[in-house]
Amino acid sequence: MTDANQQGASPAPQQGHSIETMQVEERRFPPSAAFAAQANAQPAIYDRDFDELWSTEAGRLDWFEPWTELYSWNPPQAEWYIGGKLNVCHNCVDRHVLAGRGDKVAFHWEGEPADEIVPITYSDLQSRVVLFANALKKLGVQKGTAVAIYMGMVPELPVAMLACTRLGAPHTVVFGGFSADSLGDRMVDMGCTVLITQDEAWRRGKPVGLKIIADEALELAPNVQTVIVAQRTFAPVAMQAGRDVFWADACAGLSDDPASCPCEPMDAEDLLFLMYTSGTTAKPKGIAHTTGGYLVGAATTHHYVFDHKPETDVYWCAADIGWITGHSYIVYGPLANGATSVLYEGTPDFPAHDRWWEIVERYGVTILYTAPTAIRSHMKWGAEHAAKHDLSTLRLLGSVGEPINPEAWIWYHEHIGGARCPIVDTWWQTETGMILIAPLPGVTTTKPGSATKPFPGVDVGVFNEAGEEVGPGGGGYLVLKKPWPGITRGIFGDPERFQDVYWSRFPGVYFAGDGARIDEDGDYWLLGRVDDVMNVAGHRMSTIEIESALVSHPAVAEAAVAARADAITGQAIVAFVTLRSGFESSVAMLEELRNHVAHVISPIAKPANIVFTPELPKTRSGKIMRRLLRDVAENRPLGDTTTLADPSVVGELQDRAAGENAGEE
Ligand code: WT7
């Protein structure tokens, strides 16, 4: 088929829309009457007034001193719950113990070596936090001291975060998969004087020497004077005299009585933590979150979006605490709501592909929150692993991190949710701190691939280039028109960059960097990063629809598309495809997949070529890196690969792309 043919078959570009959309998804999943009757959210929640909603929801927290003004807004600067004083550790730990819920499990911690299971009650958590906060205090940490944390998913990680918040010391948690350079840069940028780390972490059955990496990072960050080392594997590690101390030694002889270490009253706008986002290439941005608005936002959304019932639910967010998802929806939101959560140290495929499902069965998990990348991995491995376990306790499923392909949504619904659990596809960002677009289970009719509606009290829009609302049916730029409690207060130390990245495209309006479409029912469909939009023969197309069309073929587990230059159409589409286990790549398969895309969306979306690959290049948080796929598609040297989870994947892809230039006629 020639490009001219493709053009002949294509519809005219849609007028006035910045991104065209072609995919039609007709499946609808209305809530069951039984779920709706017991749901935390009832339909009238959408009628609530902005000020009333955020004022009332702030009442889920204990305030040492009441706030006097709900919010102020001088774009890009928002403040919330002005004048209020509170403490995050008090709200997440102490108040539950004071209310007589000390014996309730906060975390069912499970190590990667499966024989290690530790239930941690709210009382246990309080003792551990107080003891460690006393240790930090003795080492000189006080209100305002910047603390870096570089750990795996061990109980000491939330304990360290909560101990910091108890003292009013802002933290930055650096994901345990990051390199020494990344850790060093972040510690310097934030001006950290203390680092909390561990000897080694377990990953897929192998110990990873975190202390060794931390030592390298510390050479770049002379500002760090104290290093606390938790012992996970008890492997011998180098300890620098005068700087390094083991966790147990730092705590020795100290009190775990809460009265010995009261919770520091913090201003609602005091810095709680920084979370660095790597973006694509540039220097990481230290995204700042403060105390009051962030905690109200995380707790409120956790309550409604997950329909969380503290007395009966066993909640599991399977992200890593080192990302914002883990901060808001493993640690701060759930603990503020008195949740019982699962905290799992390891990978989903160790020692076997059914590890997650074994965990769901063991603890009777009722709510599971994960990412499309994980769902697609499970699809690739096959549904038989989940089928071996009793997943009947599950009652709600969630997704976050990327647009979820409708076929992955359906797979999740059928094979994990037993066709009975509502799925909440939650859109948000490190910068937003909290979920902003998601269904409310029991209220919203869901559609596979749509994050559906803005959370009540959140003002979302879709703009065209000119900054006008595109309205139903149109694709464009996702924006936030009003502040929300969890909005970032800025990029640490770089107000100009903050202004430039988020506020310059549409003055006074937050630009998220994502494309989106609103359908006739007012439901939002996220279209991926606007930088990834392709232009084929004058049609501006998002990557996600073509990827989802590929994933809707029974042979495909995962797909990513990128554009390369084309003399006739401007750009041509190259697809990178991972097949499900049991399927083989072949020229016939390639043709079948190209025709499948033409059939389910449009001939203009038909990939010019397809490269089969066992793995796609992803960031450490599991997002497909299309920027690198563009380099591969263009056959040019790769850009920055330092944010890749597994750098070997792209080298192999380049070889495959060079070898398999099939598909082009
Ligand atoms: C970007 C933010 C927020 C927690 C994890 C990621 C993409 C996130 C969805 C979703 C479509 C999504 C967006 C967003 N994204 N959730 N449900 N549907 N896209 O945080 O690393 O700051 O990434 O992830 O592109 O801008 P993050």
Side-chain angles (χ1 to χ4, degrees), residues 19 173 175 177-178 274-280 284-289 294 297-298 301-302 305 317-333 369-376 397-406 408-409 412 423-439 446-455 460 462 475 477-480 484 486-488 491 501-502 510-517 523-533 542-545 547-548 618-627 643 645:
I19 304 171
V173 179
F175 171 60
F178 273 122
L274 299 184
M275 170 57 63
Y276 285 86
T277 57
S278 39
T280 43
K285 304 176 282 222
I287 301 298
H289 285 289
Y294 171 80
T301 49
H302 177 259
V305 175
C317 168
D320 193 287
I321 290 177
W323 309 118
I324 191 72
T325 307
H327 278 51
S328 300
Y329 298 110
I330 297 177
V331 180
Y332 295 121
Y369 189 30
T370 184
T373 180
I375 298 164
R376 293 186 306 250
L397 303 174
S399 171
V400 61
E402 289 180 290
I404 180 166
N405 318 100
W409 194 106
Y412 196 28
I423 296 182
V424 291
D425 174 4
T426 63
W427 180 88
W428 59 296
Q429 305 179 300
T430 301
E431 295 85 343
T432 73
M434 58 187 258
I435 293 167
L436 295 188
I437 307 178
T446 56
K447 304 172 183 177
S450 170
T452 72
K453 300 275 194 294
F455 189 79
V460 186
V462 176
Y477 304 98
L478 186 74
V479 297
L480 281 305
W484 58 96
I487 186 175
T488 175
I491 299 175
V501 175
Y502 305 98
Y510 177 89
F511 170 52
D514 282 1
R517 163 171 79 93
D523 286 321
Y524 283 71
W525 298 77
L526 278 304
L527 301 175
R529 304 296 294 168
V530 294
D531 296 345
D532 293 331
V533 168
S542 79
T543 52
I544 181 68
E545 292 188 314
E547 292 163 3
S548 290
K618 292 187 185 159
T619 64
R620 291 183 185 81
S621 65
K623 289 191 210 299
I624 297 170
M625 270 183 86
R626 296 178 186 79
R627 176 176 60 75
T643 54

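We count residues from 1, following the sequence as given. All ligand and atom numbering here is 1-based and tracks the order in the structure.
- Residue Thr430 has at least one heavy-atom neighbour below 4.0 Å for each of these atoms of ligand 1: 20 (O), 21 (O), 22 (O), 27 (P).
- Among all protein heavy atoms, the one lying closest to atom 2 (C) of ligand 1 is Trp428 O, 3.6 Å.
- Under the 3.5 Å distance criterion, with hydrogens and angles disregarded, a donor-acceptor pair is assigned to the side chains of Tyr329 and Thr301.
- Under a 4.0 Å criterion applied to the non-hydrogen atoms of Ile324, ligand 1 contributes the atoms 4 (C).
- Of the N or O atoms in Thr325, none lie within a sub-3.5 Å distance of an N or O in ligand 1.
- If you look at Pro403 next to ligand 1, the close heavy atoms, those under 4.0 Å, come from the backbone and the side chain alike.
- Between Gln429 and ligand 1, at least one N/O pair is under 3.5 Å apart.
- Only the backbone of Glu402 comes within 4.0 Å of ligand 1, judged by heavy-atom distances.
- In this structure, Gly401 has a heavy atom closer than 4.0 Å to ligand 1.
- Between Phe178 and Arg620, some side-chain heavy-atom pair lies under the 4.5 Å cut-off.
- Between Asp523 and Lys447 there is a salt bridge, since a side-chain N of the basic residue sits under 4.0 Å from a carboxylate O of the acidic one.
- Ranking protein heavy atoms by distance to atom 14 (C) of ligand 1, first place goes to Asp514 OD2, 3.2 Å.
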Legend entry - Step-by-step side chain to side chain donor-acceptor pair (under 3.5 Å) determination, Ser328 to Tyr294: CA-CA 9 Å; Ser328 300; Tyr294 171 80; 2.7 Å; yes
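- Near Lys623, the atoms of ligand 1 lying under 4.0 angstrom from a non-hydrogen atom of the residue are 1 (C), 2 (C), 6 (C), 7 (C), 21 (O), 23 (O), 24 (O), 27 (P).
- One distance of note links NE2 of His327 with SG of Cys317; it measures 12.0 Å at 0.5 Å rounding.
- Annotation: side-chain contact (heavy atoms from CB on, under 4.5 Å) contacts of Pro454 (sequence neighbours excluded): Val460, Tyr524.
- Of all the atoms in ligand 1, the ones that sit under 4.0 Å from a non-hydrogen atom of Thr426 are 9 (C), 10 (C), 16 (N), 17 (N).
- At distances below 3.5 Å, at least one donor-acceptor pair connects side-chain atoms of Lys623 with backbone N or O atoms of Gly401.
- When heavy-atom distances to ligand 1 are checked against a 4.0 Å cut-off, Leu526 comes that close only through its side chain, counted from C-beta outward.
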Inset, instruction - Go through the steps for Glu402 and Arg376 under the test salt bridge (Lys or Arg N to Asp or Glu O under 4.0 Å), then give the verdict. - result: CA-CA 12 Å; Glu402 289 180 290; Arg376 293 186 306 250; 2.9 Å; yes
